[in-house]
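This report refers to the structure that appears directly beneath it.
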Amino acid sequence: MEKKRSSFTGRIGFVFAAAGSAVGLGNLWRFPYLAAKYGGGIFLLVYIILALTFGFTLMLAEIAIGRKTGKSAIEAYGSLNKKWGFLGKLTSLVPMIILPYYCVIGGWVIKYFTVFATGQGKAAAGSVYFENFISKTGEPIIWLVAYIAFTAIVVLLGVEKGIEKFSKILMPVLVVLSLAIAIYTITLPGAGAGVKYYFMPDFDKFSVLTVLAALGQLFYSMSIAMGILITYGSYMPKNTSIEKSVHQIEWFDSGIAIIAGLMIVPSVFVFTGGNEEQLKAGPGLMFQMLPKIFDTIPLGNVVGVVFFLLVFFAALTSSISLMETVVSIIEDKLHWGRKKVCGIVIAGCVLLALPSTLGFGIWSGVKILGMNFLDFFDFSANSVIMPIVAILTCIFIGYVIKPKTITEEIALTGKFKSEKIFVVIIKYIAPICILAILVSSVLNSLGIISI
């Protein structure tokens, strides 16, 4: 007898859970440092254009595939066309690659939360504090394991009892606290130049790399091309509007990303005057700059505790989605019990995360294509595999099962207002543009071209 699949109770539960997946470290950690590195306003403009076109279209497509088939990514494509079952396997690789290194960064967040909770915020504001921490061996692994444990506990509770209720509580808190910290940040002396850099597009800073970075961020932040939206779509009731849900998820995602940029980017101008080297600091930017801000205000440790608690919650909602997707894939494929599958996933996650954390310490001399382990895994997932999945998904919908298969599913709850735009983008615009960006990315990383 087939086990009844879990489901969300309605649109609000689905939106909060999917938005919880979309809003996480991709917004609060990754988006700001990419915006700082790739020209501020021009990166923001490109990202918004991509979100309203490619992002909207691909989110609709993946959620509709999940709901139509009632299966996770590894089986959903094959159930619509057996010859395309390989695409489900390829998609399933993405969360398996991202989850381990994502948990490494989640461990950093817990570390900083405890630092501020124990009154050591002034030490964290030091210029080498972050580098000294991540270069250690034992301590980052301890925080990594702790973060994985938090994620696993929620996933073990199941969809309705775990993810949905958890997200309903956290998302409103996330929005309010993010906005409050952003408002404080932009009132600091010198922040005005950072706000201008962040919002005013400078077309001299535009390049293919800007588009590549924005596209990779789009996939990462909106959980596109990694199986999460297909999995969540499989839990979505038939009477819930996919189109309305996607609009709401995009508002959550883009809004939090823009607010996060206001927390981080102006701080570079506050403390360094917009030093170009600091703007290109990369993954450590949030951990380097925000403790300096908290050190300038009364009760800075309290503000730091609140902020990193916020980041922890945001990160957790996304890692829950990643782990839930991996668990769902294995459950659907092997038909094992949830507890057994969770145990396997937890053990595998810890082992696969070790290179990413040790790559800043004892394995820092090991480079792949000039990148440390974490950067390489991030590049492989976001700039190579996910664009390939997106291109193949467009071809699959546009020319194999035909757009009508998807548009009919979306129209179950009423008229599909964006149907014509959806068809044009999925068949013609998205596959060509993403392919061009992907080829440029790979050739640039191999040193064949310089862009």
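- Rounded to the nearest 0.5 angstrom, K136 NZ and I142 CD1 are separated by 10.0 Å.
- Between the CG atom of L50 and the CD1 atom of I434 there is a distance of 8.5 Å, given to the nearest 0.5 Å.
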Exercise for the section: Output, in order, the C-alpha distance, side-chain angles, deciding distance and verdict of side chain to side chain contact (heavy atoms under 4.5 Å, CB included) for M371 and D378. Expected result: CA-CA 10 Å; M371 294 176 269; D378 186 60; over 6 Å; no

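- Aromatic ring orientation, F43 versus Y47: parallel (interplanar angle below 30°, classes split at 30° and 60°).
- Residues C342 and V327 share a closest heavy-atom pair of SG-CG2, 4.0 Å.
- Side-chain atoms of S319 come within 3.5 Å of backbone atoms of L316 as a donor-acceptor pair (strictly under, hydrogens ignored).
- Between the CZ atom of F203 and the OG1 atom of T210 there is a distance of 11.0 Å, given to the nearest 0.5 Å.
- In this structure, the separation between SG on C394 and CD1 on I425 is 9.5 Å, given to the nearest 0.5 Å.
- Proximity of a side-chain donor or acceptor of W363 to a complementary backbone N or O of P355 within less than 3.5 Å is not detected.
- In this structure, the separation between CD1 on I97 and CG on L322 is 11.5 Å, given to the nearest 0.5 Å.
- Other residues, nucleotides and ligands contribute at most 12 non-hydrogen atoms within 6.0 Å of the CZ atom of F150.
- In plain terms, the two heavy atoms of A124 and P291 that are nearest each other are O-CB, 3.6 Å.
- Put simply, the side chain of F373 does not reach to within 4.5 Å of the side chain of L354, judged on heavy atoms.
- Judged by distance alone, with hydrogens and angles left aside, the side-chain atoms of Y197 form no donor-acceptor pair with the main-chain N or O of G192 at under 3.5 Å.
- Under a 4.0 Å N-O distance rule, the pair K292/D295 does not qualify as a salt bridge.
- Counting only heavy atoms from C-beta outward, the side chains of T240 and S245 approach each other to under 4.5 Å.
- Residues K205 and Y38 have side chains not in contact (no heavy-atom distance under 4.5 Å, counting atoms from C-beta outward).
- T118 and Q120 are linked by a side-chain donor-acceptor pair at a separation below 3.5 angstrom, with hydrogens and angles left out of the test.
- A tilted orientation is assigned to the rings of Y102 and Y147, their planes being inclined by 30° to 60°.
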Practice task
Just do the side chain to side chain contact (heavy atoms under 4.5 Å, CB included) check on V268 and L285 with the steps written out, would you?
Solution key: CA-CA 9 Å; V268 180; L285 187 62; 3.9 Å; yes

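- For the pairing with K280, the side chain to side chain donor-acceptor pair (under 3.5 Å) check across E276, Q278, E277 returns one residue only, E276.
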Exercise for the section: Check the pair F376 / N372 against side chain to side chain contact (heavy atoms under 4.5 Å, CB included), numbers first and verdict last. Expected result: CA-CA 6 Å; F376 174 73; N372 61 40; over 6 Å; no

Exercise for the section: Report the C-alpha separation of F360 and W108 in whole Å, then their side-chain angles, then the decisive distance to 0.1 Å, and conclude whether the ring pair (Phe, Tyr, Trp, His ring centres under 6.0 Å) test is met. Expected result: CA-CA 12 Å; F360 294 99; W108 296 353; 5.5 Å; yes

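- When all heavy atoms are compared, the tightest approach of M263 to L28 is CE-CD2, 3.6 Å.
- For N27 (side chain) and I256 (main-chain N/O), no donor-acceptor pair under 3.5 Å exists by modelled atom type.
- Two residues are said to be in side-chain contact when any heavy atoms from C-beta on lie closer than 4.5 Å; L374 and V104 meet this criterion.
- Taking every heavy atom of both residues into account, Y220 and M386 meet most closely at N-CE, 3.7 Å.
- For the pair V155 and R338, the minimum side-chain heavy-atom distance is below 4.5 Å.
- Between the side chain of T272 and the main chain of F269, no donor-acceptor pair closer than 3.5 Å is present.
- Checked by atom type and distance alone, the side chain of N132 pairs as donor or acceptor with a backbone atom of V128 at under 3.5 Å.
- Under the 3.5 Å distance criterion, the side-chain polar atoms of R67 are left unmatched by any main-chain donor or acceptor of Y235.
- W29 approaches P283 most closely through the heavy-atom pair NE1-O, 2.7 Å.
- Counting heavy atoms from C-beta outward, L392 and Y77 have side chains that stay 4.5 Å or more apart.
- Heavy atoms from other residues, nucleotides or ligands lying under 6.0 Å from NZ of K367 number more than 12.
- Here the two rings, on F116 and F307, have centers that are 6.0 Å apart or farther.
- Side-chain contact of T393 with E62: a donor-acceptor pair under 3.5 Å is absent, judged by distance alone.
- Within the 4.5 Å cutoff, the side chain of F113 has no heavy atoms near those of the V109 side chain.
- Between F308 and F287, the ring planes lie parallel to each other; the angle is under 30°, not in the 30° to 60° tilted range.
- E250 CD to S221 OG: the interatomic distance, rounded to the nearest 0.5 Å, is 10.5 Å.
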Practice task
Apply the test side chain to side chain contact (heavy atoms under 4.5 Å, CB included) to residues Y112 and L290: give CA-CA distance (whole Å), side-chain angles for both, the deciding distance (0.1 Å), then the verdict.
Solution key: CA-CA 11 Å; Y112 270 70; L290 283 175; over 6 Å; no

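- By the 6.0 Å and 45° rule, K340 stacks over the aromatic ring of W336.
- For the pair K89/L93, no side-chain contact is recorded, criterion being any heavy-atom separation below 4.5 Å from C-beta on.
- Heavy atoms only, all atoms of each residue included: A353 and P100 are closest at CB-O, 3.4 Å.
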